[in-house]
There are 2 protein chains.
Amino acid sequence: MKRHRAPPSGAAPSRTAPRRGRPKGGTGLTREKVLDAALALVDQEGVDALSMRGLAAVMGVDAMSLYNHVDNKDAVLDGLAERLLASIERPVLTGDWRRDLRALALSFRQVALRHPGIAPLVLTRQLGSLQAMAVSEAALATLDAAGVPPKEAVHVLRFILAFLIGALVREVSSGPTFSGLDLDGLAERHTALKTSGLRHVARAARHLAACDHAAEFEFGVDMMVAALEARLGSSRGPKRRAK
Amino acid sequence: MKRHRAPPSGAAPSRTAPRRGRPKGGTGLTREKVLDAALALVDQEGVDALSMRGLAAVMGVDAMSLYNHVDNKDAVLDGLAERLLASIERPVLTGDWRRDLRALALSFRQVALRHPGIAPLVLTRQLGSLQAMAVSEAALATLDAAGVPPKEAVHVLRFILAFLIGALVREVSSGPTFSGLDLDGLAERHTALKTSGLRHVARAARHLAACDHAAEFEFGVDMMVAALEARLGSSRGPKRRAK
DNA sequence: ACCTGAACACCGTTCAAGT
DNA sequence: ACCTGAACACCGTTCAAGT
């Protein structure tokens, strides 16, 4: 009965835009400052530690004052996710789409690692703002340079984003010690694995136990490049399309 | 100061294993039943609606009784994620790895769509249980059949999982109406896009506005298959390895 | 126009007490 | 061994009142 979907947060700008000139000399609270504080808090304590009350306390202000600059907590989360997306450095195009795609992927990874608490938000939230599309723009530019026609480029874009976000969220939300599976346990549980019908997992246990995230990420990017190469190669035939 | 990482939840079995025989005739509460109810609740109302108190109320029991069968709320969430993973149907191998890989991906998608609220949990939570490795086993079996050596298979596995989870979480957490971007707004904002330096986004707006999730997913799977084909093809040379 | 405090309807979890 | 209620320390958000 209780609809709980995130609000569209679409084209309409925030209902509570701050005044233009400085607000008469008050506390100087601002949507921007609220997000700044929220970002710092999440970076230090994690998403779960973000509460409107705690955020207000950190800012030395009453909890309810925040609602003058931000619709609600969900809007704060959306804002953080959009900031992350917007802060991804767009690498200059070199003309070598392989290199450019790799560079973009690395940029993405860098900001995700810098803000591990925010990264998962990017995946779940629907972000319609112009800011949030910076990555898409960069990726589409690269694909255009590679000769991928616009319609197909959109599909490729979605494929790339799915991998990037999937890989990065997995990475940032696995603790620094862990490696995606129970590192210590996997080896000893070898017999348990085999009796559970997990033959192949048992056989690969040694490799599953270790995980170099950077290398793994690069491997994935290589796979994407390979897929794209195959796609471009196969369309060599009907490529002559100049009207 | 406040560590809030999810607990390891590793090799050690739940601290609160239920009695073996029926519990003397009490309410018959069980970890399994708790998870059943939690699953139903999340499927109907969404993750945000899951609370220990509400869950207990639905089960007609005191809130604290749950803690006799479940460590805490996080453990419930972990349990749900593991159930999702475990419930993925493992397709029988046909010998055609392309077909088998596609079938596995589709199985994954089907359970994700059946439990949209749970899918995102799979990504963020560290799942070390044997149950959760069913998908990995299936994927590794397929890759083995395709002739991918164990060590490389693990990398490929991680690539596949990153894409699958990234794509599916994106799909389930975009509302049924929305399509990943602001469907209605994108067309009108064409000029805004161009002035924002989002040339390529503007050009692709028409294609970005529409999103057939099923087709998009299939496209991604095709890309994975293509990447794998390229990889297998290039190792044709040193393939003769029979001792 | 912005800030504030009290208030409402919730949370997860601990603990001592029951059976 | 399991269940229970009271209690603690929190939440997000509304609303009427302040300046």
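Because the structure is a prediction, the values reported are computed rather than measured. Proteins get letters first, then strands, A, B, ... in listed order; numbering begins at 1 in each. The figures here come from the full heavy-atom set of this structure, side chains too, leaving out hydrogens, waters and symmetry mates.
Look at B:N72 and you won't find any side-chain N or O under 4.0 angstrom from OP1 or OP2 of C:dG12. Residue A:H69 places none of its side-chain N or O atoms closer than 4.0 Å to OP1 or OP2 of C:dA1. Considering only side-chain N and O atoms, A:S65 lies nowhere under 4.0 angstrom from the phosphate OP1 or OP2 of C:dC2. Contact between the side-chain N/O atoms of A:Y67 and the OP1/OP2 oxygens of D:dT14 is not found at any separation under 4.0 Å.
Results of the side-chain contact (heavy atoms from CB on, under 4.5 Å) test with A:V70 over A:L29, A:V76, A:D78, A:L55 single out A:V76 as the only residue that passes.
Between the P atoms of C:dA9 and D:dA9, the separation comes to 23 Å (whole Å).
A:L77 has its CG atom 16 Å from the C1' atom of D:dT13, to the nearest Å. We find that NZ of A:K73 is positioned 9 Å from P of D:dC11, with the value rounded to whole Å. Atom CZ of B:R31 is separated from atom C1' of D:dC2 by 18 Å (rounded to the nearest Å). For the pair A:L66 CG and D:dC11 P, the computed distance is 13 Å after rounding to whole Å. Rounding to whole angstrom units, CE of residue B:M59 and C1' of D:dT4 are separated by 16 Å. The separation between B:L55 atom CG and C:dC10 atom P is 16 Å, rounded to whole Å. Atom pair B:D71:CG and C:dT13:P shows a separation of 10 Å (rounding to whole Å applied). Look at CG on A:D48: it is 12 Å from P on D:dC11, rounded to the nearest Å.
Nearest nucleotide to the A:R53 side chain, out of C:dT4, D:dT13, C:dT13: D:dT13. Candidate nucleotides D:dC3, C:dC3, D:dC15 were compared by shortest atom distance to the side chain of A:M64, and D:dC15 ranks first. With D:dT13, D:dC2, C:dT13 as the candidates, the nucleotide lying closest to the side chain of B:M52 is C:dT13. You'll find that the side chain of B:D62 is closest to D:dG5, out of C:dG12, D:dG5, D:dG12.
Residues A:E171 and A:R109 are in side-chain contact: their nearest non-hydrogen atoms beyond the backbone lie under 4.5 Å apart.
Base-pair partner of D:dC2: C:dG18 (Watson-Crick or G-U wobble, both distances under 3.5 Å). Across all strands shown, D:dT13 pairs with C:dA7; the Watson-Crick or G-U wobble distances both stay below 3.5 Å.
The number of heavy-atom neighbours closer than 6.0 Å to CD of A:E89, taken from other residues, nucleotides and ligands shown, is 12 or below.
Nucleotides of DNA chain C nearest to A:G60 and B:S51 differ in position, and the one nearer the 5' end is that of A:G60.
Looking only at atom types and distance, the side chain of B:S174 has no donor-acceptor partner in the side chain of A:Q126 under 3.5 Å away.
Aromatic ring centroids of B:F159 and A:F219 lie 6.0 Å or more apart.
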